[in-house]
Trainee: 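Let me begin by handing over the structure; questions about it come next.
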Amino acid sequence: MPQHTEHSPSHVAPSSSRRCHCPALREAARYVTLLYDRHLTAAGLSSTQFSLLTRLKELGPTTINGLAQALVMDRTTVGRNILPLQRRRLIVVKRGESDARRKELHLTKAGLARLEAGFDGWATAQAQFEGTVGKEQASQLRDLLRGVVGADFRAENT
């Protein structure tokens with residue numbers, strides 16, 4: 001009979017995805033993104049595009065840097081993600097009114113219409129998520145994740 005040693009499968013540490021916060025958050029984000037993408041498809045939007053348009057509507061005309069900061073995204077990632085929206089004329093880039101060197105993103109009428117067309121799919125995804133996870137737990141999760149986003153991980157805790 002084989003003896004259990006320190007290196008046998010019964011003593012193997014759990015995979016990093018079970019211990020590490022980063023892959024657990026990323027896996028959950030991808031899983032939830034698929035849910036929202038499925039419901040936003042009818043409006044011709046991905047969840048990322050819906051988020052960009054929603055935040056642009058909330059902010060009003062803003063720079064790529066401003067939008068990236070609001071979405072907690074890298075500027076170059078936002079730049080790549082707005083290109084299809086520009087091609088579809090859902091957003092336009094204009095010179096700033098007070099500073100001609102400043103380029104601002106503007107939501108177009110077509111962009112606003114596409115965003116409004118996506119709200120039904122978004123609401124369905126929200127309801128499905130809350131129905132599965134629980135309304136109170138979903139609210140607690142959003143609060144917890146907002147806290148994570150607000151945390152300053154740049155500071156060293158020694």
Trainee: Give me the atom names and distance for the closest heavy-atom approach of Ile64 to Arg75.
Mentor: CG2-CG, 3.6 Å

Trainee: Rounded to the nearest 0.5 Å, how far does OG1 of Thr76 lie from CG of Asn81?
Mentor: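 Asn81 atom CG to Thr76 atom OG1 measures 9.5 Å (nearest 0.5 Å).
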
Trainee: So which heavy atom on Leu59 is nearest to which on Thr62, and how close?
Mentor: CD1-CG2, 4.0 Å

Trainee: Using only atom types and a distance under 3.5 Å, with no angle test, would you say the side chain of Thr63 pairs donor to acceptor with the backbone of Glu104?
Mentor: no

Trainee: Grab the two heavy atoms, one from Arg89 and one from Thr108, that are nearest each other, plus how far apart they are.
Mentor: O-OG1, 2.7 Å

Trainee: Less than 4.5 Å apart, side chain to side chain, heavy atoms only: is that true for Gln86 and Val93?
Mentor: yes

Trainee: Find the distance between CG (Leu105) and CD1 (Ile82) and round it off to the nearest 0.5 Å.
Mentor: 4.5 Å

Trainee: Anything under 30° is parallel, anything over 60° is perpendicular, the rest tilted; go ahead and classify Phe119 against Phe50.
Mentor: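 Because their plane-to-plane angle is over 60°, the rings of Phe119 and Phe50 count as perpendicular.
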
Trainee: Roughly how far apart are Arg55 CZ and Leu67 CG, rounded to 0.5 Å?
Mentor: 8.0 Å

Trainee: In terms of hydrophobic clusters joined by side-chain contacts under 4.5 Å, are Leu141 and Val148 together?
Mentor: no

Trainee: What heavy-atom pair brings Glu130 and Ala138 nearest, and what distance separates the two atoms?
Mentor: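 Looking at all heavy atoms of both residues, the closest pair is CG-CB, 3.9 Å.
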
Trainee: Are Lys94 and Lys103 packed together at the side-chain level, in the sense that at least one heavy-atom pair is separated by less than 4.5 angstrom?
Mentor: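 A side-chain contact under 4.5 Å is absent here.
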
Trainee: Compare every heavy atom of Leu56 with every heavy atom of Leu107, then report the nearest pair and how far apart it is.
Mentor: N-CD2, 3.8 Å

Trainee: Between NZ of Lys57 and CG of Leu52, what distance do you get to the nearest 0.5 Å?
Mentor: 15.0 Å

Trainee: Say whether Val92 and Leu45 are linked into one hydrophobic cluster, either directly or through other cluster members, by side-chain heavy-atom distances under 4.5 angstrom.
Mentor: no

Trainee: Please examine the side chains of Val149 and Arg146, heavy atoms only from C-beta on, and report whether any two atoms are closer than 4.5 Å.
Mentor: no

Trainee: Could you list the donor-acceptor pairs under 3.5 angstrom formed by side chains in residues 34-43, with sequence neighbours left out?
Mentor:
from: Tyr36; atom 1: OH; to: Gln126; atom 2: OE1; distance (Å): 2.3
from: Asp37; atom 1: OD1; to: Ser47; atom 2: N; distance (Å): 2.6
from: Asp37; atom 1: OD1; to: Ser47; atom 2: OG; distance (Å): 2.8
from: His39; atom 1: NE2; to: Gln128; atom 2: OE1; distance (Å): 2.9
from: Thr41; atom 1: OG1; to: Asp37; atom 2: O; distance (Å): 3.2

Trainee: How long is the straight-line distance from CG of Leu83 back to CD1 of Ile91, given to the nearest 0.5 Å?
Mentor: 8.5 Å

Trainee: Which value, rounded to the nearest 0.5 Å, describes the distance between Leu144 atom CG and Ser139 atom OG?
Mentor: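 These two atoms lie 11.0 Å from each other.
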
Trainee: Within the 4.5 Å heavy-atom criterion, are Arg114 and Arg88 side-chain neighbours or not?
Mentor: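 Sidechains of Arg88 and Arg114: in contact.
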
